[in-house]
Amino acid sequence: MLSLILLNCKGNQVETAEIKGKRIAIDENIEADPEIEEFVAPYKEHLNKTLDSTLAYNPKDMVKSDGDLNTAIGNLMADIVMEQVNPIFKSRAGNEIDMVLLNHGGIRSGLNKGNISTRSAYALMPFENEIVVAELSGEKIKEMLSYLERAKTAHPVSGIQIEMDQNYKVIRAEINGEEIDENKSYFVATSDYLQQGGDNMNFFKAPINLYKVDYKLRNAIIDYFKKADTLKVEKDNRFIRK
Amino acid sequence: MKRRYFIQQTSAATAFIGIGGLSSLSFKPNYKKHITILHTNDVHSHIEPFGPDDSRNPNMGGVARRATLIQQIRNENPNTLLLDAGDIFQGMPYFNFYGGELEFKLMSKMKYDASTLGNHDFDNGIDGLYAQLPHAEFDFICSNYDLSDTVMDGHTRKHKVFTKDGVKIGIFGLGIELQGLVNKGLYKETKYLDPVEIAQDQSRILKEEKNCDLVICLSHLGYDYSHDKISDIKLAKATENIDLIIGGHTHTFLDKPSIETNKAGNKVLVNQVGCYGLYLGRIDFYLDDKNNIEANGLKIEV
């Protein structure tokens with residue numbers, strides 16, 4: 001209460017105004033409106049049926065903390081982007097994607113052993129991020145490598161081979177089996193979030209060219225799950241410390 | 001002279017009896033009008049309640065429960081307005097699957113009166129928002145987005161005046177700057193206009209030209225920021241003629257409205273109820289028979 005109410009009883013002059021404010025918790029003490037529940041039911045049923053239908057089989061548990069600089073689940077996501085997006089990019093831009101870089105924080109859940117559903121893809125990637133392809137100079141790729149040296153994190157990659165020493169200094173980095181050439185440019189697929197500077201990946205910010213592929217990361221994952229029968233992605237030596 | 005004195009005495013006596021009669025029924029001050037404002041923000045496609053095992057909000061939320069609560073309050077006071085401060089879309093697969101159709105249909109069933117636009121309401125592009133408009137039987141009020149070069153042209157209002165029990169309630173809306181928050185390809189030619197200038201203009205029109213008794217700003221600017229960015233708190237202080245700001249965007253859980261002082265020295269309420277339909281905000285305005293809430297000794301109980 002801020003100030004006392006002043007009662008005023010002179011003739012037709014009525015009482016001073018009053019304002020009350022509060023919030024009301026919506027919890028199990030409030031009965032659900034049956035008409036609303038009935039209305040939602042068919043949407044819910046369709047949603048659950050679609051989300052829970054099996055798309056693929058996963059032979060082993062995958063979590064994002066199961067590796068030093070690369071993880072099975074991160075490799076899976078980066079490889080999915082390469083496999084799903086390269087044909088689209090090739091037909092639109094006439095070039096091949098050289099590499100993929102995503103962010104470790106963008107892996108939003110693990111994948112349990114067993115049947116993989118659309119729900120798994122939503123858990124893995126709940127956001128609406130679109131895949132983009134940034135054409136970066138060799139110089140920017142070097143900036144990317146020093147970013148990865150500082151990050152010391154298993155950011156998912158595909159198409160690039162990186163070896164670091166125990167102090168996270170890059171010893172060797174190759175794209176398409178060749179050392180990075182500062183005079184060349186490279187086509188790097190990533191998410192629109194990262195391209196716009198998410199996770200401080202500032203080397204993405206001013207690319208030579210930026211190509212949209214109009215493909216959501218989650219949809220690429222779902223499409224890959226649909227065509228894969230059994231997931232067979234492992235931790236490997238694409239990004240390691242020696 | 002004598003006659004005039006007699007009339008004065010008579011009217012005073014009549015008035016006294018009238019008030020005395022009512023007072024005997026209740027010791028509470030009897031206001032002539034009672035307006036209830038109910039509000040949500042950042043519901044983000046949360047339709048079902050959180051499950052019992054949820055780590056943060058077990059057994060909270062749910063549209064069907066919200067509908068029951070709203071109906072109960074409307075039964076108590078038919079002079080109720082139901083408002084949303086934006087970010088209706090995005091957050092649960094219901095949005096990804098149905099594009100916002102179910103969210104709009106449910107809000108229409110609950111008889112929402114108006115909503116403003118949040119940044120996530122552009123997540124399927126401005127075309128995706130436009131496509132869902134046939135499912136929304138309530139108004140979108142947004143004063144600081146110039147949508148004239150988009151498909152949404154003519155489908156939002158700069159303000160709207162609702163009349164409840166003779167009380168005129170003017171509502172205008174403010175959206176957050178979309179650049180940097182939403183891809184340009186999604187919001188297209190939506191132009192963001194300065195919220196403070198627009199708020200000053202709209203609230204003046206509502207108060208002075210449309211003679212509104214209450215002016216409410218539906219805002220998706222965000223509650224408060226440590227940096228310069230415009231927020232509901234900054235807006236409250238920088239403007240006049242606004243009585244209540246209903247906010248969103250920052251998912252700020254206020255257990256009661258904040259009270260700020262505006263440029264003219266008057267009190268402004270700022271409220272926000274977190275997100276995901278976990279809470280319903282409720283503000284009750286009691287007005288005297290001149291529909292005045294700014295009489296001496298305005299009492300704000302929060």
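Just so it is clear: chains get the letters A, B, ... in the order the sequence lines come, proteins before strands, and each one is counted from 1. What you see is a predicted model; the values in this text were computed from it and never measured. Only heavy atoms go into these numbers, but all of them, side chains included; no hydrogens, no water, no symmetry mates.
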Most contact-rich option vs chain B, by heavy-atom pairs under 4.5 angstrom, among A:K216, A:R218, A:E130, is A:R218
Heavy-atom proximity to chain A below 4.5 Å, by part of B:Y98: side chain
Does any donor atom in the side chain of A:Y43 or B:K105 lie under 3.5 Å from an acceptor atom in the other side chain? yes
Against chain A, work out which of B:L106, B:T36, B:I47 has the most heavy-atom pairs shorter than 4.5 Å and name it. B:L106
Please work out which of the three classes, parallel, tilted or perpendicular, describes the rings of B:F97 and A:H46, given edges at 30° and 60°. perpendicular
Under 4.5 Å from a heavy atom of chain B, the part of A:E28 involved: both
Between A:D52 and A:R119, is there a side-chain N and carboxylate O pair less than 4.0 Å apart? yes
Does atom CD of B:E76 have more than 12 heavy-atom neighbours from other groups under 6.0 Å away? yes
What part of B:L69 gets within 4.5 angstrom of chain A, counting heavy atoms only: side chain, backbone, both, or neither? both
Heavy-atom proximity to chain A below 4.5 Å, by part of B:F50: neither
Within the structure provided, determine whether A:F204 and A:L101 are in side-chain contact (heavy-atom separation under 4.5 Å). yes
Can you say whether B:N57 sits under 4.5 Å from chain A via the side chain, the backbone, both, or neither, judging by heavy atoms? neither
Which bit of B:L38 comes within less than 4.5 Å of chain A, counting heavy atoms only: side chain, backbone, both or neither? neither
For B:E48, which atoms come within 4.5 Å of any heavy atom of chain A: side chain, backbone, both, or neither? side chain
Could you tell me which of B:L278, B:D255, B:V273 has the largest number of non-hydrogen atom pairs under 4.5 Å with chain A? B:D255
Will you find, in the side chains of A:E135 and A:S185, an N or O donor that is under 3.5 Å from an N or O acceptor? yes
Pick one of side chain, backbone, both or neither for B:Q90, based on which atoms fall under 4.5 Å of a heavy atom in chain A. side chain
Side-chain heavy atoms of A:M144 within contact of A:V188, under 4.5 Å: yes
Looking only at heavy atoms, which two atoms of B:R65 and B:M60 are closest? And how far apart? NH1-C, 4.0 Å
Is B:K109 paired with A:E35 through a side-chain N to carboxylate O contact shorter than 4.0 Å? yes
Top contributor to chain A interface from B:V63, B:L244, B:N271, B:L102 [non-hydrogen pairs under 4.5 Å]: B:L102
Give, as side chain, backbone, both or neither, the part of B:P93 having an atom under 4.5 angstrom from any heavy atom of chain A. both
Segment of B:I73 engaging chain A (4.5 angstrom heavy-atom cut-off): side chain
